[in-house]
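What follows is one structure encoded as structure tokens, with my remarks underneath.
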Amino acid sequence: MSGAFLHTLFDVAAWLAAAAALYWLARRGLRFPAQSFELPYVAVLVFGAGLGAYLFGSANLWLSGQSGIARSVEGALAGGIVAIELYKWSAGITVRTGARFALPLALGIAIGRLGCYFAGLDDFTYGTQTALPWGHDFGDGVPRHPVQLYESAAMAVFALLYVLAVLNRNAFVITNGFYLVLAYYGAQRFLWEFLKPYGPLIGPFTLFHLLSMSILLYAAIMLATAPKARSMHERAVA
């Protein structure tokens, strides 16, 4: 199978896993803000995520001295956040609406990154050269950090911890799950960026270093200002 086909296959698997996660959360008796499933909300989210994915993905490609158009999952995440916050501000929505997306996001990235790994050099998500025994040759004769697998494993760990929190009815994690996954994602992504061959933007930091810090800062502010979570028993509201 070609790398492009495998990438598409894992992208589809990531979306299916995200949908399964939403279904599983609903079966656990959790109720999330209804706004996050309304058509205008979803449309804005899809538009913002798509715009951010191509904008930041392509910008990073150009900053790294390459031409073309690219997508970025972190760019999609940032674009979706900005679009939804602007939409909520314009619509007068004050409730926090991201809680239902914590597990789908973690699972989606964990599975989707496997597609990036199998896509090889064309995907431009590989790592820098390494002498470590698990370095992977993506076809150019250079053993590289398989950073796609690092990120996949990291997000899978978060997904597992989140599932355990849901099973234990942890009110804080369920209510603030979206901001917890953002903080976790931003922190681990910031670290992996040091192992990627991307062009720096400010000092040693790449565009995605700065984007990771921005996502982490946003999550930290939202967590610091979060209302106290109520205890959860048979049914829960997040």
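- Listed by first and then second residue, the side chain to side chain donor-acceptor pair (under 3.5 Å) pairs involving residues 187-197 are Tyr185-Arg189, Gln188-Trp192, Arg189-Glu193, Glu193-Lys196 (not counting sequence neighbours).
- Among residues two or more places apart in sequence or in another chain, the side chain to side chain donor-acceptor pair (under 3.5 Å) test is passed with Gln66 by none.
- Leu216 belongs to no multi-residue hydrophobic cluster, having no ILVMFWY side-chain contact under 4.5 Å with any other such residue.
- For the side chain to side chain donor-acceptor pair (under 3.5 Å) test, no residue two or more places apart in sequence or in another chain qualifies with Asp137.
- Residues passing the side chain to side chain donor-acceptor pair (under 3.5 Å) test with Tyr150 are Trp134, His145, sequence neighbours excluded.
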Please list, one pair per line, the donor and acceptor atoms closer than 3.5 Å that link side chains of residues 51-59 to other protein atoms, with sequence neighbours excluded.
| residue | atom | partner | partner atom | Å |
| --- | --- | --- | --- | --- |
| Ser58 | OG | Tyr54 | O | 2.8 |
| Ser58 | OG | Ala70 | N | 3.1 |
| Ser58 | OG | Ala70 | O | 3.3 |

Without placing hydrogens or testing angles, list every side-chain donor-acceptor pair under 3.5 Å for residues 8-23, not counting sequence neighbours.
| residue | atom | partner | partner atom | Å |
| --- | --- | --- | --- | --- |
| Thr8 | OG1 | Ala4 | O | 3.1 |
| Asp11 | OD1 | His7 | ND1 | 3.4 |
| Asp11 | OD2 | His7 | ND1 | 3.2 |

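- With sequence neighbours excluded, no residue forms a side chain to side chain donor-acceptor pair (under 3.5 Å) with Tyr184.
- Partners of Phe47 by ring-ring contact (aromatic ring centres under 6.0 Å, His included), not counting sequence neighbours: none found.
- With sequence neighbours excluded, the residues satisfying side chain to side chain contact (heavy atoms under 4.5 Å, CB included) with Ala106 are Met155, Phe158, Ala159, Val181.
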Which donor-acceptor pairs under 3.5 Å do the side chains of residues 114-121 make with protein atoms, sequence neighbours left out?
| residue | atom | partner | partner atom | Å |
| --- | --- | --- | --- | --- |
| Tyr117 | OH | His136 | ND1 | 3.2 |

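- Checked against side chain to side chain contact (heavy atoms under 4.5 Å, CB included), Pro197 has the following partners two or more places apart in sequence or in another chain: Phe124, Tyr126, Thr128.
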